[in-house]
Asks: 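Have a look at this one before I ask anything.
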Amino acid sequence: MEIQENIINELLDSPMAPAIVERVQSVLEDERKRRELFYNQITEQEKAEFINGEVIVHSPVRKIHSQIGLNLIRILDTYIVEHELGFLGFEKILIRCTRNDYEPDLCFFEQSIAAELEDDRTIFPIPNFIVEVLSKGTAARDRGIKFDDYEAHGVQEYWIIDPDEKMVEQYLLSEEGKFELRLKSNSGKVQLVTIEGLVVPIEAIFDAQLAHQFIKELYLNS
């Protein structure tokens, strides 16, 4: 909010403020029309996002990227379903922010939100927890515009996973509405905040057999 106020005050100090506002309104109106077209044209067969007026279509992912996603889906969904905590979405879940639309690798909606999600819904509200797995084509956005947008829209927990370094970064939203790095590690365990009671071995995120073993342990302890 402080940054926004600074931008507004700087604009209001300019004698060109009316012209600048008019230009911004024109650009945003054109962007709104393109966004509506994006909603009408996007299909289930492609992974695409609408970011600052542009449609971003993603390339196929590497095997390691897919394996990380599968491991996390199995681990998280097992726990979520067992404890009736909410809904876990993956890849083709389009979440709507004020200006942009994203399809995170994984996202979790707590029960109070999940209960309002109809079976035929295609555009989703802001989730409680988001995971993005880095790739060469997405890393700058995952750490840049998405980081800022998720923070601004109140995502409570955000993970950035580096598949090459086998590193997990866990960011939590502070009371001031800012992401704070709680953990950055390629070993040990990560304790989720938005999925209460779940502590995941970091190495299991990257290894299918370790993920499978951990899931078996979850069932034994449930």
Asks: Between Arg141 and Glu132, is there a salt bridge with N-O shorter than 4.0 Å?
Replies: no

Asks: Do Tyr79 and Asp77 pair up side chain to side chain, a donor and an acceptor below 3.5 Å, judged on atom types alone?
Replies: no

Asks: So, do Glu169 and Tyr158 sit near enough that their side-chain heavy atoms are less than 4.5 Å apart?
Replies: no

Asks: Checking Arg121 side chain against Ile123 main chain: does a donor-acceptor pair fall under 3.5 Å?
Replies: yes

Asks: With clusters defined by side-chain heavy atoms of hydrophobic residues (ILVMFWY) lying less than 4.5 Å apart, directly or transitively, does Leu70 cluster with Ile161?
Replies: no

Asks: Hey, any chance Trp159 and Val155 share a hydrophobic cluster, counting ILVMFWY side chains that come within less than 4.5 Å of each other, even indirectly?
Replies: no

Asks: Report yes or no: does Tyr150 contribute a side-chain atom to a donor-acceptor pair with the main-chain N or O of Asp142 at less than 3.5 Å?
Replies: no

Asks: Hey, mind stepping through Phe147 and Tyr171 against ring pair (Phe, Tyr, Trp, His ring centres under 6.0 Å) and telling me if it holds?
Replies: CA-CA 10 Å; Phe147 187 100; Tyr171 295 89; 5.0 Å; yes

Asks: Got a sec: does the CZ of Phe90 have more than 12 other heavy atoms crowding it under 6.0 Å?
Replies: no

Asks: Looking only at side-chain N and O atoms, does Glu84 offer a donor or acceptor that is under 3.5 Å from a partner on Gln111?
Replies: no

Asks: Test your reading of the model: is there a side-chain donor-acceptor pair from Asn128 to the backbone of Glu110, 3.5 Å cut-off?
Replies: yes

Asks: State whether Asp105 and Lys47 are salt-bridged, where the test is any N-O pair (Lys NZ or Arg NE/NH1/NH2 against Asp/Glu carboxylate O) under 4.0 Å.
Replies: yes

Asks: Taking Arg32 first and then Glu29, would you say they form a salt bridge - that is, a charged N and a carboxylate O separated by under 4.0 Å?
Replies: yes

Asks: Would a distance-only check, ignoring hydrogens and angles, find a side-chain to backbone donor-acceptor pair under 3.5 Å from Arg182 to Gln170?
Replies: no

Asks: Within a radius of less than 6.0 Å around CD of Glu175, do more than 12 heavy atoms belonging to other residues, nucleotides or ligands occur?
Replies: no

Asks: So does Lys184 have more than 12 non-hydrogen atoms from other groups sitting under 6.0 Å from NZ?
Replies: no

Asks: Nearest heavy-atom pair of Ile95 and Pro127: which atoms, and what distance?
Replies: CD1-CD, 3.8 Å

Asks: Is the closest side-chain donor-acceptor distance between Asn71 and His212 under 3.5 Å?
Replies: no

Asks: Working to the nearest 0.5 Å, report the span between CZ of Phe206 and CG of Asn186.
Replies: 8.0 Å

Asks: Go through it in stages, so that I can follow the logic: the residues are Lys166 and Asp162, the test is salt bridge (charged side-chain N to carboxylate O under 4.0 Å, His left out), and I'd like the CA-CA distance, side-chain angles, deciding distance and then a yes or no.
Replies: CA-CA 6 Å; Lys166 293 184 169 52; Asp162 187 328; over 6 Å; no

Asks: Report yes or no: do His58 and Glu103 form a side-chain donor-acceptor pair below 3.5 Å?
Replies: no

Asks: With a sphere of 6.0 Å drawn around CD of Glu203, does it hold more than 12 non-hydrogen atoms of other residues, nucleotides or ligands?
Replies: no

Asks: Salt-bridged, Asp164 to Arg62, with N to O below 4.0 Å?
Replies: yes

Asks: Before giving the answer on side-chain contact (heavy atoms from CB on, under 4.5 Å), spell out for Arg35 and Arg96 the whole-Å C-alpha distance, their side-chain angles and the decisive distance to 0.1 Å.
Replies: CA-CA 11 Å; Arg35 193 179 190 185; Arg96 181 183 175 94; 3.4 Å; yes

